[in-house]
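For reference, the structure is listed below as C-alpha coordinates.
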Amino acid sequence: MDGFLQKLKRLDAYPKVNEDFYKRTLSGGVVTLVAAVVMLLLFISETKSYFYSATETKLVVDTSRGERLRVNFDITFPSIPCTLLSVDTKDISGEQHQDIRHDIEKKRLDSHGNVIEARKEGIGGAKIERPLQKHGGRLDKGEQYCGTCYGAEESDEQCCNSCEEVREAYKKKGWALTNPDLIDQCTREDFVERVKTQQGEGCNVHGFIDVSKVAGNFHFAPGKGFYESNINVPELSILEGGFNITHKINKLSFGTIFPGVVNPLDGAQWTQPATDGTYQYFIKVVPTIYTDIRGHKIHSNQFSVTEHFRDGNVRPKPQPGVFFFYDFSPIKVIFTEENKSLLHYLTNLCAIVGGVFTVSGIIDSFIYHGQKALKKKMELGKYR
(Lines give C-alpha, C1' and ligand atoms only; values in the text may rest on other atoms or scores of the structure.)
Protein backbone atom coordinates (compact mmCIF):
# COMPACT_ATOMS: atom_id res chain seq x y z
CA MET A 1 0.00 0.00 0.00
CA ASP A 2 2.86 2.38 0.85
CA GLY A 3 4.45 1.66 -2.52
CA PHE A 4 1.24 2.62 -4.34
CA LEU A 5 0.99 5.85 -2.38
CA GLN A 6 4.60 6.70 -3.20
CA LYS A 7 3.94 6.17 -6.92
CA LEU A 8 0.84 8.36 -6.68
CA LYS A 9 2.91 11.02 -4.92
CA ARG A 10 5.31 11.14 -7.87
CA LEU A 11 2.36 12.11 -10.16
CA ASP A 12 1.85 15.43 -8.28
CA ALA A 13 1.95 18.15 -10.93
CA TYR A 14 1.93 20.85 -8.27
CA PRO A 15 5.08 20.40 -6.16
CA LYS A 16 5.10 22.47 -2.98
CA VAL A 17 7.86 24.95 -2.12
CA ASN A 18 8.88 25.72 1.42
CA GLU A 19 7.64 29.12 2.52
CA ASP A 20 11.17 30.03 3.56
CA PHE A 21 12.08 30.15 -0.12
CA TYR A 22 9.29 32.57 -1.10
CA LYS A 23 10.25 36.14 -1.90
CA ARG A 24 7.48 38.71 -2.09
CA THR A 25 7.97 41.93 -4.10
CA LEU A 26 6.09 45.22 -4.56
CA SER A 27 5.73 44.63 -8.29
CA GLY A 28 4.27 41.19 -7.61
CA GLY A 29 1.69 42.69 -5.29
CA VAL A 30 0.64 45.24 -7.94
CA VAL A 31 0.38 42.54 -10.63
CA THR A 32 -1.66 40.33 -8.27
CA LEU A 33 -4.09 43.18 -7.50
CA VAL A 34 -4.56 44.02 -11.17
CA ALA A 35 -5.03 40.33 -12.03
CA ALA A 36 -7.68 39.95 -9.31
CA VAL A 37 -9.62 42.97 -10.65
CA VAL A 38 -9.45 41.62 -14.21
CA MET A 39 -10.65 38.19 -13.02
CA LEU A 40 -13.56 39.78 -11.17
CA LEU A 41 -14.65 41.85 -14.19
CA LEU A 42 -14.44 38.88 -16.54
CA PHE A 43 -16.33 36.73 -14.03
CA ILE A 44 -19.18 39.28 -13.85
CA SER A 45 -19.30 39.60 -17.63
CA GLU A 46 -19.40 35.84 -18.15
CA THR A 47 -22.08 35.40 -15.49
CA LYS A 48 -24.29 38.06 -17.16
CA SER A 49 -23.77 36.36 -20.51
CA TYR A 50 -24.83 33.05 -18.98
CA PHE A 51 -28.09 34.39 -17.57
CA TYR A 52 -28.99 36.31 -20.78
CA SER A 53 -29.88 34.27 -23.84
CA ALA A 54 -27.88 34.51 -27.05
CA THR A 55 -29.54 34.71 -30.48
CA GLU A 56 -28.55 32.43 -33.33
CA THR A 57 -29.29 33.52 -36.92
CA LYS A 58 -30.04 31.19 -39.81
CA LEU A 59 -31.04 31.84 -43.44
CA VAL A 60 -33.37 29.50 -45.35
CA VAL A 61 -35.43 29.64 -48.55
CA ASP A 62 -38.97 30.89 -47.90
CA THR A 63 -41.33 28.12 -49.03
CA SER A 64 -44.50 29.46 -47.39
CA ARG A 65 -47.62 29.93 -49.53
CA GLY A 66 -51.02 31.55 -49.18
CA GLU A 67 -50.12 33.71 -46.19
CA ARG A 68 -51.46 37.17 -45.37
CA LEU A 69 -49.46 40.26 -44.45
CA ARG A 70 -50.47 42.72 -41.74
CA VAL A 71 -49.21 46.27 -42.28
CA ASN A 72 -49.21 48.49 -39.18
CA PHE A 73 -48.89 52.25 -39.69
CA ASP A 74 -49.09 55.56 -37.88
CA ILE A 75 -48.60 58.50 -40.26
CA THR A 76 -49.22 62.22 -39.85
CA PHE A 77 -50.15 64.55 -42.74
CA PRO A 78 -50.02 68.12 -41.41
CA SER A 79 -51.52 69.69 -44.56
CA ILE A 80 -54.20 67.26 -45.77
CA PRO A 81 -57.58 67.18 -43.97
CA CYS A 82 -59.05 63.82 -43.00
CA THR A 83 -62.06 64.37 -45.27
CA LEU A 84 -59.87 64.21 -48.37
CA LEU A 85 -57.55 61.39 -47.26
CA SER A 86 -58.12 57.77 -48.28
CA VAL A 87 -56.19 54.50 -48.04
CA ASP A 88 -56.09 52.19 -51.05
CA THR A 89 -54.32 48.88 -51.74
CA LYS A 90 -53.53 46.98 -54.91
CA ASP A 91 -51.38 43.93 -55.69
CA ILE A 92 -50.11 42.15 -58.79
CA SER A 93 -52.82 39.48 -58.52
CA GLY A 94 -55.42 42.15 -59.31
CA GLU A 95 -56.88 42.39 -55.81
CA GLN A 96 -57.55 45.99 -54.86
CA HIS A 97 -59.41 47.88 -52.15
CA GLN A 98 -60.22 51.58 -52.22
CA ASP A 99 -60.96 53.92 -49.34
CA ILE A 100 -60.39 51.28 -46.63
CA ARG A 101 -62.20 52.27 -43.44
CA HIS A 102 -62.14 49.30 -41.03
CA ASP A 103 -59.36 48.87 -38.41
CA ILE A 104 -58.23 52.46 -39.04
CA GLU A 105 -58.56 55.54 -36.85
CA LYS A 106 -58.24 59.15 -37.92
CA LYS A 107 -57.42 62.22 -35.86
CA ARG A 108 -58.10 65.73 -37.09
CA LEU A 109 -55.17 68.04 -36.32
CA ASP A 110 -55.00 71.81 -36.18
CA SER A 111 -52.15 73.84 -37.68
CA HIS A 112 -50.09 73.28 -34.52
CA GLY A 113 -50.50 69.51 -34.56
CA ASN A 114 -53.00 69.38 -31.70
CA VAL A 115 -55.82 66.82 -31.90
CA ILE A 116 -59.22 68.34 -32.71
CA GLU A 117 -61.21 65.14 -33.03
CA ALA A 118 -60.51 61.41 -33.07
CA ARG A 119 -62.87 58.94 -34.72
CA LYS A 120 -62.63 55.17 -35.25
CA GLU A 121 -65.21 54.93 -38.01
CA GLY A 122 -62.50 54.92 -40.68
CA ILE A 123 -60.54 57.25 -42.85
CA GLY A 124 -63.56 58.92 -44.38
CA GLY A 125 -61.85 59.56 -47.69
CA ALA A 126 -63.46 61.67 -50.39
CA LYS A 127 -66.16 59.79 -52.24
CA ILE A 128 -67.42 62.62 -54.43
CA GLU A 129 -68.26 61.49 -57.95
CA ARG A 130 -69.82 63.03 -61.03
CA PRO A 131 -73.39 64.15 -60.27
CA LEU A 132 -76.11 61.57 -60.78
CA GLN A 133 -78.40 62.43 -63.68
CA LYS A 134 -82.14 61.95 -63.81
CA HIS A 135 -81.78 59.22 -66.43
CA GLY A 136 -79.58 57.21 -64.03
CA GLY A 137 -76.18 57.91 -65.54
CA ARG A 138 -73.42 60.25 -64.39
CA LEU A 139 -72.91 63.78 -65.69
CA ASP A 140 -70.60 63.92 -68.70
CA LYS A 141 -68.61 66.92 -69.89
CA GLY A 142 -70.73 69.36 -71.90
CA GLU A 143 -73.96 67.81 -70.65
CA GLN A 144 -76.55 69.87 -68.76
CA TYR A 145 -77.14 68.74 -65.22
CA CYS A 146 -80.67 67.59 -64.30
CA GLY A 147 -80.69 65.76 -61.01
CA THR A 148 -83.20 63.09 -60.08
CA CYS A 149 -85.92 63.73 -57.50
CA TYR A 150 -85.90 60.03 -56.53
CA GLY A 151 -89.51 59.38 -57.60
CA ALA A 152 -90.99 62.64 -56.28
CA GLU A 153 -91.10 64.43 -59.66
CA GLU A 154 -94.38 66.15 -60.53
CA SER A 155 -93.52 66.12 -64.24
CA ASP A 156 -91.00 64.52 -66.57
CA GLU A 157 -89.20 67.83 -67.00
CA GLN A 158 -88.71 68.50 -63.24
CA CYS A 159 -85.12 68.42 -61.96
CA CYS A 160 -83.80 68.40 -58.40
CA ASN A 161 -80.30 69.85 -58.49
CA SER A 162 -79.81 70.37 -54.75
CA CYS A 163 -80.58 68.59 -51.51
CA GLU A 164 -83.12 71.25 -50.61
CA GLU A 165 -85.00 70.72 -53.91
CA VAL A 166 -85.22 66.98 -53.20
CA ARG A 167 -86.57 67.74 -49.70
CA GLU A 168 -89.21 70.10 -51.18
CA ALA A 169 -90.28 67.50 -53.76
CA TYR A 170 -90.67 64.88 -51.02
CA LYS A 171 -92.58 67.40 -48.85
CA LYS A 172 -95.07 68.08 -51.65
CA LYS A 173 -95.66 64.35 -51.99
CA GLY A 174 -96.09 64.00 -48.26
CA TRP A 175 -93.09 61.70 -47.99
CA ALA A 176 -90.41 61.74 -45.29
CA LEU A 177 -86.76 61.97 -46.30
CA THR A 178 -85.49 59.48 -43.71
CA ASN A 179 -81.97 58.81 -45.01
CA PRO A 180 -80.35 61.81 -46.74
CA ASP A 181 -77.02 59.93 -46.88
CA LEU A 182 -78.46 57.94 -49.80
CA ILE A 183 -79.37 61.09 -51.74
CA ASP A 184 -76.61 62.06 -54.21
CA GLN A 185 -77.22 65.81 -53.90
CA CYS A 186 -77.16 65.73 -50.07
CA THR A 187 -74.01 63.61 -50.00
CA ARG A 188 -72.19 65.98 -52.35
CA GLU A 189 -73.20 69.10 -50.44
CA ASP A 190 -72.19 67.51 -47.12
CA PHE A 191 -68.77 66.65 -48.57
CA VAL A 192 -68.24 70.23 -49.81
CA GLU A 193 -69.21 71.59 -46.40
CA ARG A 194 -66.79 69.24 -44.63
CA VAL A 195 -63.96 70.25 -46.98
CA LYS A 196 -64.61 73.93 -46.22
CA THR A 197 -64.77 73.25 -42.48
CA GLN A 198 -61.50 71.28 -42.42
CA GLN A 199 -59.53 73.61 -44.70
CA GLY A 200 -56.05 74.19 -43.23
CA GLU A 201 -56.21 71.11 -40.98
CA GLY A 202 -53.99 68.04 -40.92
CA CYS A 203 -54.70 64.39 -40.25
CA ASN A 204 -53.10 61.55 -38.31
CA VAL A 205 -53.93 58.08 -39.61
CA HIS A 206 -53.09 54.93 -37.68
CA GLY A 207 -54.24 51.34 -37.71
CA PHE A 208 -53.51 48.32 -39.88
CA ILE A 209 -54.47 46.71 -43.17
CA ASP A 210 -54.39 43.04 -44.15
CA VAL A 211 -53.07 42.23 -47.64
CA SER A 212 -52.06 39.14 -49.61
CA LYS A 213 -48.44 38.06 -49.42
CA VAL A 214 -47.64 39.08 -53.01
CA ALA A 215 -46.01 42.18 -54.43
CA GLY A 216 -48.24 45.23 -54.38
CA ASN A 217 -48.68 48.70 -52.94
CA PHE A 218 -50.74 50.67 -50.48
CA HIS A 219 -51.02 54.43 -50.56
CA PHE A 220 -52.40 57.46 -48.77
CA ALA A 221 -53.84 60.01 -51.15
CA PRO A 222 -56.59 62.60 -51.61
CA GLY A 223 -59.78 60.64 -52.36
CA LYS A 224 -59.55 58.80 -55.65
CA GLY A 225 -63.18 59.53 -56.50
CA PHE A 226 -62.60 63.29 -56.37
CA TYR A 227 -59.27 63.08 -58.21
CA GLU A 228 -60.53 60.97 -61.11
CA SER A 229 -64.00 62.50 -61.49
CA ASN A 230 -62.60 65.60 -63.20
CA ILE A 231 -65.74 67.57 -62.44
CA ASN A 232 -66.25 71.28 -61.96
CA VAL A 233 -67.35 72.06 -58.42
CA PRO A 234 -66.99 75.84 -57.83
CA GLU A 235 -67.09 75.38 -54.05
CA LEU A 236 -63.91 73.24 -54.26
CA SER A 237 -61.78 75.78 -56.13
CA ILE A 238 -59.62 75.99 -52.98
CA LEU A 239 -58.15 72.60 -53.94
CA GLU A 240 -57.03 73.55 -57.44
CA GLY A 241 -53.54 74.54 -56.23
CA GLY A 242 -52.66 70.90 -55.52
CA PHE A 243 -52.01 68.98 -52.34
CA ASN A 244 -49.14 69.27 -49.91
CA ILE A 245 -48.13 65.67 -49.12
CA THR A 246 -45.61 66.59 -46.41
CA HIS A 247 -45.74 63.72 -43.95
CA LYS A 248 -44.13 62.06 -40.94
CA ILE A 249 -44.07 58.28 -40.47
CA ASN A 250 -44.36 57.73 -36.74
CA LYS A 251 -44.43 53.95 -37.09
CA LEU A 252 -44.49 51.48 -39.96
CA SER A 253 -44.06 47.72 -39.55
CA PHE A 254 -44.96 44.51 -41.35
CA GLY A 255 -46.29 41.90 -38.95
CA THR A 256 -45.79 41.46 -35.22
CA ILE A 257 -43.06 43.31 -33.33
CA PHE A 258 -40.32 41.01 -31.99
CA PRO A 259 -37.21 41.67 -29.82
CA GLY A 260 -34.41 43.47 -31.62
CA VAL A 261 -36.39 44.43 -34.72
CA VAL A 262 -35.44 47.73 -36.38
CA ASN A 263 -37.99 49.44 -38.63
CA PRO A 264 -36.02 51.95 -40.76
CA LEU A 265 -38.98 54.26 -41.45
CA ASP A 266 -39.98 54.85 -37.82
CA GLY A 267 -39.68 58.58 -37.20
CA ALA A 268 -38.95 59.39 -40.87
CA GLN A 269 -40.16 62.82 -41.99
CA TRP A 270 -40.35 64.43 -45.42
CA THR A 271 -41.29 68.00 -46.39
CA GLN A 272 -42.61 68.65 -49.89
CA PRO A 273 -40.53 71.19 -51.83
CA ALA A 274 -43.04 71.69 -54.68
CA THR A 275 -46.78 72.36 -54.79
CA ASP A 276 -47.76 68.88 -55.90
CA GLY A 277 -46.29 65.45 -56.54
CA THR A 278 -46.05 61.81 -55.53
CA TYR A 279 -43.69 60.42 -52.89
CA GLN A 280 -42.80 56.75 -53.32
CA TYR A 281 -41.23 54.22 -50.96
CA PHE A 282 -39.87 50.99 -52.44
CA ILE A 283 -39.77 48.32 -49.76
CA LYS A 284 -38.17 44.86 -49.74
CA VAL A 285 -39.86 42.72 -47.09
CA VAL A 286 -37.85 39.89 -45.51
CA PRO A 287 -39.94 37.14 -43.85
CA THR A 288 -38.68 36.45 -40.32
CA ILE A 289 -39.33 33.87 -37.60
CA TYR A 290 -38.24 34.66 -34.05
CA THR A 291 -38.18 31.79 -31.53
CA ASP A 292 -37.77 32.82 -27.91
CA ILE A 293 -36.14 30.81 -25.13
CA ARG A 294 -39.45 29.09 -24.28
CA GLY A 295 -39.90 27.89 -27.86
CA HIS A 296 -42.65 30.38 -28.71
CA LYS A 297 -42.46 31.38 -32.39
CA ILE A 298 -43.25 34.87 -33.72
CA HIS A 299 -43.88 35.02 -37.47
CA SER A 300 -43.09 38.54 -38.63
CA ASN A 301 -41.07 40.53 -41.17
CA GLN A 302 -38.17 42.94 -41.49
CA PHE A 303 -37.70 45.35 -44.39
CA SER A 304 -35.31 47.65 -46.20
CA VAL A 305 -36.40 50.72 -48.13
CA THR A 306 -35.44 53.26 -50.79
CA GLU A 307 -37.46 56.38 -51.66
CA HIS A 308 -38.18 58.69 -54.57
CA PHE A 309 -40.16 61.90 -55.20
CA ARG A 310 -41.97 62.36 -58.50
CA ASP A 311 -42.75 65.99 -59.28
CA GLY A 312 -46.33 66.77 -60.22
CA ASN A 313 -45.36 69.28 -62.93
CA VAL A 314 -45.15 66.58 -65.63
CA ARG A 315 -47.57 65.04 -68.11
CA PRO A 316 -49.37 62.80 -67.52
CA LYS A 317 -49.76 64.27 -64.06
CA PRO A 318 -49.34 61.63 -61.35
CA GLN A 319 -51.89 61.23 -58.60
CA PRO A 320 -50.66 63.12 -55.52
CA GLY A 321 -50.08 60.99 -52.46
CA VAL A 322 -47.64 58.81 -50.54
CA PHE A 323 -47.17 55.36 -52.10
CA PHE A 324 -45.56 52.29 -50.49
CA PHE A 325 -44.53 49.66 -53.06
CA TYR A 326 -43.55 46.37 -51.42
CA ASP A 327 -42.04 43.12 -52.65
CA PHE A 328 -40.85 39.99 -50.83
CA SER A 329 -37.41 38.46 -50.47
CA PRO A 330 -37.15 34.72 -51.29
CA ILE A 331 -34.92 34.28 -48.22
CA LYS A 332 -36.37 33.84 -44.73
CA VAL A 333 -34.42 34.80 -41.60
CA ILE A 334 -34.76 32.62 -38.50
CA PHE A 335 -33.70 33.96 -35.09
CA THR A 336 -33.47 31.46 -32.22
CA GLU A 337 -32.80 32.36 -28.60
CA GLU A 338 -30.47 29.93 -26.84
CA ASN A 339 -29.08 29.70 -23.30
CA LYS A 340 -25.48 28.60 -22.66
CA SER A 341 -25.11 25.26 -20.89
CA LEU A 342 -23.76 25.08 -17.33
CA LEU A 343 -20.71 23.13 -18.50
CA HIS A 344 -19.93 25.84 -21.06
CA TYR A 345 -20.22 28.47 -18.33
CA LEU A 346 -17.91 26.57 -15.96
CA THR A 347 -15.40 25.96 -18.75
CA ASN A 348 -15.25 29.67 -19.50
CA LEU A 349 -14.74 30.49 -15.81
CA CYS A 350 -11.84 28.05 -15.63
CA ALA A 351 -10.38 29.57 -18.78
CA ILE A 352 -10.66 33.06 -17.28
CA VAL A 353 -8.97 32.12 -14.00
CA GLY A 354 -6.26 30.02 -15.62
CA GLY A 355 -5.58 32.46 -18.42
CA VAL A 356 -5.34 35.54 -16.22
CA PHE A 357 -3.24 33.66 -13.64
CA THR A 358 -0.80 32.46 -16.31
CA VAL A 359 -0.47 35.80 -18.08
CA SER A 360 -0.03 37.69 -14.81
CA GLY A 361 2.66 35.19 -13.79
CA ILE A 362 4.53 35.82 -17.03
CA ILE A 363 4.29 39.58 -16.55
CA ASP A 364 5.44 39.33 -12.93
CA SER A 365 8.36 37.11 -13.90
CA PHE A 366 9.41 39.54 -16.64
CA ILE A 367 9.29 42.49 -14.26
CA TYR A 368 11.14 40.63 -11.48
CA HIS A 369 13.96 39.34 -13.66
CA GLY A 370 14.24 42.69 -15.44
CA GLN A 371 14.62 44.54 -12.15
CA LYS A 372 17.11 41.95 -10.95
CA ALA A 373 19.27 42.22 -14.07
CA LEU A 374 19.16 46.01 -13.94
CA LYS A 375 20.18 46.03 -10.27
CA LYS A 376 23.08 43.66 -10.95
CA LYS A 377 24.41 45.87 -13.74
CA MET A 378 24.15 48.91 -11.51
CA GLU A 379 26.19 47.11 -8.88
CA LEU A 380 28.85 46.38 -11.51
CA GLY A 381 29.01 50.06 -12.39
CA LYS A 382 27.53 49.84 -15.89
CA TYR A 383 24.72 52.20 -14.89
CA ARG A 384 25.43 55.24 -12.79
Roughly how far apart are T55 OG1 and D292 CG, rounded to 0.5 Å? 10.5 Å
In this structure, NZ of K90 is separated from CD1 of I92 (nearest 0.5 Å) by 11.5 Å
Backbone N/O of [Y] and side chain of [X]: donor-acceptor pair under 3.5 Å:
X	Y	answer
D266	L252	yes
S212	V214	no
H296	R294	no
S86	A221	yes
T291	T336	no
E95	D91	no
S45	L41	no

For K284, look at atom NZ and say whether over 12 heavy atoms of other residues, nucleotides or ligands are found less than 6.0 Å away. yes
In one Ile/Leu/Val/Met/Phe/Trp/Tyr side-chain cluster, 4.5 Å: [X], [Y]:
X	Y	result
I257	I334	no
F328	I298	no
F282	I75	no
V31	V38	no
V305	V285	yes

Does the C149 SG fall under 2.5 Å from that of C159? no
Using a distance-only test with no angle check, is there a side-chain donor-acceptor pair under 3.5 angstrom linking [X] and [Y]?
X	Y	result
N348	E46	yes
T89	Q96	no
Y345	T47	yes
Q272	T246	no
D74	N204	yes
N263	S253	no

If the test is side chain to side chain donor-acceptor pair (under 3.5 Å), which one of Y279, W270, Y281 qualifies with E307? Y279
Looking at [X] and [Y], what are the two nearest heavy atoms and their distance?
X	Y	answer
C203	P81	CB-C, 4.1 Å
C146	Q158	SG-O, 4.2 Å
I245	V322	O-CG2, 4.1 Å

Hey, can you tell me if Y326 and F218 have their rings parallel, tilted or perpendicular (30° and 60° cut-offs)? tilted
Pairing residues for S64 by the side-chain hydrogen bond (donor to acceptor under 3.5 Å, both in side chains) criterion, not counting sequence neighbours: D62, K213
F324 and N217: side chain to side chain contact (heavy atoms under 4.5 Å, CB included), yes or no, with the steps? CA-CA 5 Å; F324 296 85; N217 78 83; 5.9 Å; no
With sequence neighbours excluded, what pairs up with F254 under the ring-ring contact (aromatic ring centres under 6.0 Å, His included) test? F303
Criterion side chain to side chain contact (heavy atoms under 4.5 Å, CB included) on I104 and K106, from CA distance to verdict: CA-CA 7 Å; I104 295 175; K106 64 175 182 177; 5.9 Å; no
side-chain hydrogen bond (donor to acceptor under 3.5 Å, both in side chains) contacts in which one or both residues fall within residues 356-366, not counting sequence neighbours: none
What's the verdict on salt bridge (Lys or Arg N to Asp or Glu O under 4.0 Å) for R70 and D210, showing C-alpha distance, side-chain angles and the deciding distance? CA-CA 5 Å; R70 173 168 169 159; D210 187 69; over 6 Å; no
Does the pair T347 and H344 meet the rule for a side chain to side chain contact (heavy atoms under 4.5 Å, CB included), with working shown? CA-CA 5 Å; T347 301; H344 187 271; 5.7 Å; no
